[in-house]
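Below: the structure, in structure tokens.
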Amino acid sequence: MSLSTKYNPGDVEGKWYKQWLEKGFFSATVKPQKEPYCIVIPPPNVTGVLHMGHMLNNTIQDVLIRRARMLGKEACWVPGTDHASIATEARVVAMLREKGIKKSDLTREQFLEYAWEWKEKYGGIILEQLKKLGASCDWNRTKFTMDADYYDAVIDVFIDLYRKGYIYRGLRMINWDPAGKTALSDDEVNYRDVQSKLFYINYPIEGSTEFVTIATVRPETIMADTAICINPNDGRYQHLKGKRVLIPLINRSIPIIEDEYVTMEFGTGCLKVTPAHDVNDYELGKKHNLDLIDILNEDGSLNEKAQILVGEDRFIARKKIAKLLEEGGYINKVEDYKSNVGFSERTDAVIEPRLSMQWFVRMKEITKPALENVMNDTIRLIPAKFKNTYNHWMENVRDWCISRQLWWGHRIPAWYNEAGECVVARTEEEAVAQFKANNQKANSLKQDEDVLDTWFSSWLWPIAVFDCSVFKDGNKGNTDLNYFYPTNDLVTAPEILFFWVARMIIASYEYRNTLPFKNVYLTGIVRDKQGRKMSKSLGNSPDPLELMAKYGADGVRTGMLFSSPAGNDLLFDEKLCEQGRNFANKVWNAFRLVKGWNTENIVQPVENELACTWFENRRNQAMAELDDHFGKFRISDALMTVYKLIWEDFCSWYLEMIKPGFGKPIDQVTYDKAISFFESLLKILHPFMPFISEELWHELRPRTEREYIIVAEWPAAMPFDTGVLNKAAFIFEAITEIRNTRNASNLSPKEPLKMVINNNASLKDSSFLAIIKKLGNISEIQFNQPAAPGSINFVIQSTEFSIPLNGKVDAGAQREALQKEIEYHRGFLTAVNKKLANERFMNSAPPEVITMEKKKKTDAEAKINALEKSLSEL
RNA sequence: GGGAUGUUAGCUCAGUUUGGUUCAGAGCACUUGCUUGACAGGCAAGGGGUCGCUGGUUCGAGUCCGGUACAUCCCACCA
């Protein structure tokens, strides 16, 4: 046998992927007679490189798509990348910095030229990496969220929503990143507990020598205060109502206002109100008509409105002002305080709440169908527990800030004239026309400098990959869109359930008036063994490409799937890949065994006939389990079903049963059966392990030009006979008992044993015996003989077995073990007897349960009998 | 602060909807014995859990109800 004892994935993976591509097996087209099955990939960042999260996510998608393809559906997996405005722009800025170029020295056009150049060079590396894991995407359909037609679609949607009144421009308190000088959505802000100080500051009351003490963690913002607020029900402060106070250091007079918003228990019960620099204060300011005083520049330094410390950074200003207040005698006390501070996800700078003109999507109304259709399971979330979180988010949805102060992205189609008036238009010409129609000046127009939030383009993804014009012109009969949409399954991480999934659903109901996909499979997060999230900074993330080089793509794929039920985080351990690789090796060696047999036209032995009948039934049973698991998106369980069917049932039992003796031939009938079983196993293995299954498929027998396993037919569901399976279970149990007896008695498996069977004469002529003899290495079976002294006895389904050991064993140890076992069964029997003696149990339990208890009793009694017999014969 | 989910073998998880033969399971890990003519990346056998804790309902609770502890996640972001 020239085949290596080990499977070498490196030899075969590239070969098959290339052939699959060449034969066009991945590409999908409209075929009205076939049922479509479609997945759109969650587009990875164009700057991305493959990490373990992608590995898990895309393996699951590939499993689903490959199975659908084999089920005869027109399987379409659409790949692509996301322009990822913030991430990509940051990468380009960093790249330019290395070349000594500052973004601020470039014009927008120059910068974008660099960005595109960079994208052409490095963008899409990740798509090449996906091919290594076997991803069977229809690469002809590869889409990018800034393709020309996609760009237009995004602009069309903006204009359309603006006309419908869903998009507005407004002054709002937003999350400002002073380092990136951009607005961030709420979701791009991470909150962390930070140890800080709580300053108690005295504000002098106007026309009095008394003062009011407030507590704040941000003393540098007192110059922006426009009121002090007390709770009207606060008994301590009734005398302050209607008075005014002076801001320390700058002596500006501000009113004392009343609002129940103030918590009396916190701090002193007096709150300084700074509407320009705090979200809650902003709301309070609006309610009480307070002035807005913004004392910060874009970069977080103080501006001239602060009057003092102008130009200082906010954190330096905080230290300095604390000192000034101290010197001025305004500090009452300072406490240590732990507060929750927001940080930019991108730059990690402390977020500054800031008032700014931004564009928003009004969410309340537009989200309605998206909420309803998830809650009523039109769109299924898997696992369903995410419905709760989804519901909670959607019911409390806030308007979506969609403008970003960046250059890389879809530029907002808004135009301003010299007077600062604004129109939304696709081009400057259209803008001019609109201004004129409004009787407004239309000279020296300027386009909005901002681009749109990345999610404002990716929420169109499932539609736009098929047709970008649909947002402007409606559906003009694009057959791809009509055929593949709504898509079937979406596989993504729960982290982006709101960012992306919810918004795709919203867009789909808005523009297609239907769902975008039927099922959303939410994967877990890949963590390391200690449960930490994998991250670059921790260096705990293995490189999937290196893993695949080491264990094979099939090994890594199955390794990841072994322990990753939907919604559960995956604690990644390289051992899993090893298990995957070992499985591939097992399959490989099973092939080597079968392939090495010589056939002859001899009569099929009875034991082989039984073995084949059994395995066929067992396989059909497993197939039913498999289909059930897939129907419930239990991918790990599905894999485990295949794993055990192949390893235990096929290799350990079936092949051992039919294995011919060394150098002897196997009968043709059994051999053909074995090959066809092997084929069906390779088929159900294929979605999980595409490469080795394709390799062995071709090794197993000659194939025609287009006969590949990737397009082979998924084995149809077949009935199975539980009677056959039960009979086999009986044989297996007997064999296990025999082996156990050998093990416990230190008898080599090579030494043939004799056996006696009592009270089951029907076994005499059965093919069972042949199998028991073969796998148990039993040389002779006698019937209804008195047990010889020193026998080991056991009972299986009321049949008594006896193995004479002729003094080959240590009687003392044997006796002890037997006594222990007898004791256990006696205890069990007592419990059952007690139950049966309980009148109330006998009266209220259903008859089946009582019958079962009675059977337990007789079984236990038989077992004890047999054991006692063994004991007495020792 | 509000909400959700989870706690079952050393580890990762099934099982809880509909209480009683899938009821105490799986894979990995572990122990013992095997140079077994496919595979030591292997074979065979085995050990291991009072189902977080605590009350209750019931003839009977991993499963239903109350309480409690711990963990994780989501939302909000009280100066």
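In what follows, chains are A, B, ... by sequence order, proteins preceding strands, each numbered from 1. Values reported hereafter were calculated over all heavy atoms of this structure, with side chains retained and with hydrogens, waters and symmetry mates removed.
Applying the ring-ring contact (aromatic ring centres under 6.0 Å, His included) test to A:W176 and every residue at least two apart in sequence or in another chain returns nothing. For A:K644, the side chain to side chain donor-acceptor pair (under 3.5 Å) test picks out no residue, with sequence neighbours left out. Evaluation of the side chain to side chain donor-acceptor pair (under 3.5 Å) rule for A:N391 yields no partner, not counting sequence neighbours. For A:F794, the ring-ring contact (aromatic ring centres under 6.0 Å, His included) test picks out A:F801, with sequence neighbours left out. With sequence neighbours excluded, the residues that form a side chain to side chain contact (heavy atoms under 4.5 Å, CB included) with A:K863 are A:H825. With sequence neighbours left out, A:F633 forms a ring-ring contact (aromatic ring centres under 6.0 Å, His included) with no residue at all. The ring-ring contact (aromatic ring centres under 6.0 Å, His included) search around A:W597 returns none, not counting sequence neighbours.
Among the nucleotides B:C74, B:C78, B:C73, the one closest to any side-chain atom of A:N280 is B:C78. Residue A:M640 has its side chain nearest to B:A26 when only B:A26, B:U36, B:A79 are considered. Closest contact between the side chain of A:T263 and the listed nucleotides B:C78, B:G15, B:G27 involves B:C78.
Residue contacts shown for A:F266 include a base, since a base heavy atom lies under 4.0 Å away. No contact: A:F591 has no heavy atom under 4.0 Å from any strand. A:Y337 comes within 4.0 angstrom of sugar-phosphate atoms only, judged by non-hydrogen atoms across all strands, and of no base. Backbone-only contact: A:R634 has heavy atoms under 4.0 Å from sugar-phosphate atoms and none from a base. Looking at heavy-atom distances under 4.0 Å, A:L571 makes contact with sugar-phosphate atoms alone, never a base. Nucleic acid contact class of A:V262 (heavy atoms, under 4.0 Å, all strands): base. Contacts of A:D569 with the nucleic acid, taken as non-hydrogen atoms under 4.0 Å apart, involve only primed sugar atoms and P, OP1 or OP2.
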Letter by letter from the 5' end, nucleotides 1-9 of chain B scores (B base, S sugar-phosphate only, - none; protein heavy atoms under 4.0 Å) -B-SS----

5' to 3', nucleotides 39-51 of chain B under a 4.0 Å protein heavy-atom cut-off (B base, S sugar-phosphate only, - none) gives B-BSSBSS-----

Between the protein and nucleotides 56-65 of chain B, list the N/O to N/O atom pairs that are separated by less than 3.5 angstrom.
| residue | atom | partner | partner atom | Å |
| --- | --- | --- | --- | --- |
| B:C59 | O2' | A:N838 | ND2 | 3.3 |

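Looking at A:R742, its side chain does come within 3.5 Å of a backbone N or O of A:G776 through a donor-acceptor pair.
Sorted by first and then second residue, the pairs that involve residues 550-570 of chain A and meet salt bridge (Lys or Arg N to Asp or Glu O under 4.0 Å), not counting sequence neighbours, are A:D62-A:R557, A:R527-A:D569, A:K550-A:E574.
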Begin with the C-alpha distance, continue with both residues' side-chain angles, and end with the deciding distance and a verdict on side chain to side chain contact (heavy atoms under 4.5 Å, CB included) for A:I675 and A:V594.
-> CA-CA 8 Å; A:I675 294 291; A:V594 173; 3.7 Å; yes

Applying the Watson-Crick and G-U criteria (both distances under 3.5 angstrom) with [ ] for crossing and | for other-strand pairs, one obtains for RNA chain B (((((((..((((......[....)))).(((((.......))))).....(((((..]....))))))))))))....

